[in-house]
Amino acid sequence: MTGASSIRSFPPKGSISARDLVKTFNRGSTRALDHLDFGAAPGEMTAVTGPSGSGKSTLLYALAGLIDLESGSVSVSGETPRTHAEWTRMRQRHIGLIFQDDWLLPTLTCAQNVELPMIGLEHNQKRRRERVDELLKRVNASDLADRTPAGLSGGERQRVAIARSLANRPEILLADEPTGELDSGNSQIVMDLLTTLSTREKMTIVIVTHDPRVARACGRHFVLCDGKGTYSDLSSETEAS
Ligand SMILES: Nc1ncnc2c1ncn2[C@@H]1O[C@H](COP(=O)(O)OP(=O)(O)OP(=O)(O)O)[C@@H](O)[C@H]1O
Ligand SMILES: [Mg+2]
């Protein structure tokens with residue numbers, strides 16, 4: 001039994017592996033990803049850093065299957081989705097996304113925005129509503145439940161977007177500057193939440209950030225420059241410096 005289950009569970013649920021990713025724009029003159037390899041294991045928190053334009057957002061889009069690549073492949077939990085339909089299903093069930101722009105729907109309340117990804121996955125409305133309440137509470141946004149995004153500050157919108165990204169109970173969270181708009185108190189709340197999700201629930205978390213405090217909260221550090229990446233261990237960097 002142990003033999004069979006260990007074969008079934010490899011590669012582990014929540015692992016990401018990206019090989020030799022190439023993505024160009026402007027008829028090939030901009031190499032956003034230049035033969036880039038990336039990997040993360042369940043429960044790892046990886047900070048992706050690098051100058052503006054180095055390819056960080058493009059990498060997240062590639063890991064979520066949201067862009068067509070010139071070459072390379074992305075595997076999630078050992079599966080390699082090929083079609084748009086396979087990627088859509090993968091995102092719905094296994095991946096949480098926080099974009100640089102929050103993409104909250106303006107006509108829905110914040111609670112409805114958070115509830116949206118659960119529709120189709122959780123059929124019990126009462127359980128959906130309870131989870132919405134719990135998620136908004138976890139990002140310190142309970143008071144925003146009945147408001148629409150239009151009148152909210154950038155930081156308030158960002159916290160609602162973070163709650164929404166967790167709605168489908170993802171094994172993998174891909175976050176582009178999730179604390180970029182937050183004050184230090186709310187940034188700490190969000191980072192504590194993400195750290196708890198990674199350690200207790202073994203969520204795999206990839207965070208693009210310019211904030212050294214956020215990067216320090218992550219166990220691993222992936223530095224991008226001109227579409228190429230280097231993976232390093234933050235603790236050894238700290239020891240070395
Ligand atoms: N849709 C697009 N069309 C044309 N060029 C693009 C497109 N998306 C990204 N690029 C280019 O690809 C490169 C990488 O962009 P990307 O958005 O990944 O950078 P980034 O590291 O996320 O930057 P930032 O820190 O400013 O968010 C940049 O030179 C950018 O101009
Ligand atoms: Mg970006």
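Sequential numbering from 1 along the given sequence is applied to the chain's residues. Hydrogens, waters and symmetry mates are skipped; everything else that's a heavy atom, side chains included, is used. We count ligands from 1, going down the list as the structure has it; atoms in each ligand are counted the same way.
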Measure the shortest side-chain to side-chain distance between [X] and [Y] over non-hydrogen atoms and say whether it is less than 4.5 angstrom.
X: Leu21; Y: Leu69; value: yes
X: Phe38; Y: Val74; value: no
X: Ser165; Y: Leu173; value: yes

*Have a look at ligand 1 and work out which part of Asn26, if any, has a heavy atom under 4.0 Å from it: side chain, backbone, both or neither.*
side chain

[X] near ligand 1 by a heavy-atom separation under 4.0 Å:
X: Gly227; value: no
X: Glu177; value: no
X: Gly55; value: yes
X: Gln100; value: yes

Assess whether a salt bridge exists between [X] and [Y], defined as any Lys/Arg side-chain N lying under 4.0 Å from an Asp/Glu carboxylate O.
X: Lys228; Y: Asp34; value: yes
X: Glu134; Y: Lys137; value: no
X: Glu181; Y: Arg157; value: no
X: Glu122; Y: Arg128; value: no

Closer than 4.0 Å to some heavy atom of [X] - which atoms of ligand 1 meet that?
X: Ser52; result: 23 (O), 24 (P), 25 (O), 26 (O)
X: Pro51; result: 21 (O)
X: His210; result: 25 (O)
X: Thr30; result: 11 (C), 12 (O), 13 (C), 29 (O)

Pairing donors with acceptors under 3.5 angstrom, does anything connect the side chains of [X] and [Y]?
X: Asp176; Y: Ser57; value: yes
X: Thr49; Y: His210; value: no
X: Thr204; Y: Glu171; value: no

*Counting only heavy atoms not in Glu201, do more than 12 fall under 6.0 Å of its CD?*
yes

*asked:* If you count every heavy atom of other residues, nucleotides or ligands that lies below 6.0 Å from His84 atom NE2, does the total exceed 12?
replied: no

Among all protein heavy atoms in this structure, tell me which lies nearest to [atom], with the distance rounded to 0.1 Å.
atom: atom 9 (C) of ligand 1; value: Phe25 CE1, 3.3 Å
atom: atom 28 (C) of ligand 1; value: Gly53 O, 3.7 Å
atom: atom 18 (O) of ligand 1; value: Thr58 OG1, 2.5 Å
atom: atom 25 (O) of ligand 1; value: Lys56 NZ, 2.7 Å

*Return yes when at least one protein heavy atom is under 4.0 Å from atom 31 (O) of ligand 1, and no when none is.*
no

*Any chance you could lay out the side chain to side chain donor-acceptor pair (under 3.5 Å) test for Ser75 and Ser17, step after step, and finish with the verdict?*
CA-CA 5 Å; Ser75 302; Ser17 160; 5.1 Å; no

*Mind counting the protein N, O or S atoms sitting less than 2.8 Å from the Mg ion (ligand 2)?*
2

*Among Gly180, Ala32, Ser57, which residue places a heavy atom closest to atom 17 (O) of ligand 1?*
Ser57

